[in-house]
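These figures come from a predicted structure and were not determined experimentally.
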Amino acid sequence: MGNLVKTVGPAEAGKESKLYSNLRNLIFSVRPFTIIETGTYHGTGTTASICNALVALPNLKCSFYSIEVNPLHYAISLENLKRQRLLNYVNVLHGVSVPRSVMPTVEEIRKFTDGTQFPSGVFADFPEDIRAAGYYAEANFPNVPEDMLGLCLENCDYKPDIMLLDSAGHMGFVEFKYVLDKIKKEMYFVLDDTSHIKHYLSKQFIKQDRRFQIIIDDTDRFGYLIAKFKPE
């Protein structure tokens, strides 16, 4: 059923340095006042890369928010960032990125990941028979706060400069759709895993929407994309 290709699990699907390098270059160019990231994980990937870019710009007053839903990953990220002396450069938030009302159910995840929406070769995590349950479990923490993206956007008056979306595979397009019409100024989206179900549909949306200008579209690893967004 479907065309999806099993990959290594999300915790193992590390990112190559090309994304980090282009992300740092974007920060050096834009000199952002607000950066929002989802998917902190252990704080050693893009989170650390963004922090290191901010370290290199000591005169820049930037608020960097990174969102992690998993309590264990949240705790590990704080320890790792503290050990790297980067914790002062990021506000790691513990909670669900979107309102629970827009989070997909197990059945909705099953339909989304059955392969019918994707061409051959698009990647997914977990064997097919446990895929929906596996993805659901990645973000199913009922006792943590919700809508951290909404909180971050409210804190910057819905005017972020850079937003990096890199949560669980079933949440990428959900997060993208949730924030899109809330943004009030020109900014940049960074989407990780565009050859993966996480952001394959986000990329197709961007390619067809005149509000976007694609800056970088790279197939490295599971693909990533940087695009300028200008609200109408």
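- The neighbour count for Phe33 CZ, taken as heavy atoms of other residues, nucleotides or ligands under 6.0 Å away, does not exceed 12.
- Side-chain rings of Phe112 and Phe118 approach one another, their centers coming within less than 6.0 Å.
- Asp125 and His196 form a side-chain donor-acceptor contact under 3.5 Å, judged by distance and modelled atom types alone.
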- [ ] Could you please spell out the steps behind the ring pair (Phe, Tyr, Trp, His ring centres under 6.0 Å) verdict for Phe189 and Phe176?
- [x] CA-CA 9 Å; Phe189 275 99; Phe176 177 76; 5.4 Å; yes
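- Proximity of a side-chain donor or acceptor of His42 to a complementary backbone N or O of His73 within less than 3.5 Å is not detected.
- In the hydrophobic clustering of ILVMFWY residues, with side-chain heavy atoms under 4.5 Å counting as a link, Val106 and Ile130 come out together.
- Salt bridge Arg110/Glu107: present, at least one basic N to carboxylate O contact under 4.0 Å.
- At least one side-chain heavy atom of Ile36 sits under 4.5 Å from a side-chain heavy atom of Leu153.
- Within the 3.5 Å criterion, the main-chain N or O of Phe126 finds a donor-acceptor partner in the side chain of Arg131.
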Open item on the list: Test side-chain contact (heavy atoms from CB on, under 4.5 Å) on Tyr188 and Asp161; report intermediate values, then the result.
Closed with: CA-CA 6 Å; Tyr188 292 84; Asp161 297 288; over 6 Å; no
Open item on the list: Before you tell me yes or no, could you show the steps for Lys207 and Ile214 under side-chain contact (heavy atoms from CB on, under 4.5 Å), namely the whole-Å CA-CA distance, both residues' side-chain angles and the distance that decides it to 0.1 Å?
Closed with: CA-CA 8 Å; Lys207 289 166 66 177; Ile214 295 177; 3.8 Å; yes
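- No side-chain donor-acceptor contact under 3.5 Å links Ser49 to the backbone of Gly45.
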- [ ] Begin with the C-alpha distance, continue with both residues' side-chain angles, and end with the deciding distance and a verdict on side-chain contact (heavy atoms from CB on, under 4.5 Å) for Tyr20 and Asn52.
- [x] CA-CA 10 Å; Tyr20 299 157; Asn52 282 317; over 6 Å; no
Open item on the list: What verdict does the side-chain contact (heavy atoms from CB on, under 4.5 Å) test give for Lys228 and Phe212, after you've listed the backbone C-alpha separation in whole Å, the side-chain angles of each residue and the deciding distance to 0.1 Å?
Closed with: CA-CA 6 Å; Lys228 180 187 289 187; Phe212 286 93; over 6 Å; no
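- Neither Ile76 nor Leu78 shares a network with the other; the hydrophobic side chains, linked directly or stepwise wherever heavy atoms of I, L, V, M, F, W or Y lie under 4.5 Å apart, form separate groups for each.
- A salt bridge links Asp218 to Lys18: one of the charged nitrogens lies within less than 4.0 Å of a carboxylate oxygen.
- Checked by atom type and distance alone, the side chain of Arg31 pairs as donor or acceptor with a backbone atom of Phe28 at under 3.5 Å.
- Glu232 and Arg211 are not joined by a salt bridge, as no carboxylate oxygen comes within less than 4.0 angstrom of a charged side-chain nitrogen.
- For the 3.5 Å distance criterion, the side chains of Tyr224 and Asn22 qualify, holding a donor opposite an acceptor.
- A salt bridge links Lys198 to Asp166: one of the charged nitrogens lies within less than 4.0 Å of a carboxylate oxygen.
- Atom NZ of Lys159 is surrounded by 12 or fewer heavy atoms from other residues, nucleotides or ligands within 6.0 Å.
- In this structure, Pro160 and Ile35 have side chains that are not in contact, with every pair of non-hydrogen atoms separated by 4.5 Å or more.
- A donor-acceptor pair is defined here as one N or O able to donate and one able to accept, closer than 3.5 Å; no such pair exists between the side chain of Glu154 and the backbone of Leu151.
- Under the 4.5 Å side-chain criterion, counting only non-hydrogen atoms from C-beta, Ile67 is in contact with Cys152.
- A heavy-atom distance below 4.5 Å is found between the side chains of Asn140 and Pro142.
- When only modelled atom types and interatomic distance are considered, Tyr178 and Asp147 share a side-chain donor-acceptor pair under 3.5 Å.
- Side-chain contact between Glu146 and Val98: absent, with no pair of heavy atoms (C-beta onward) separated by less than 4.5 Å.
- The closest side-chain donor-acceptor pair between Thr40 and Glu68, if any, does not fall under 3.5 angstrom.
- Between the side chain of His199 and the backbone N or O of Leu165 there is at least one donor-acceptor pair closer than 3.5 Å.
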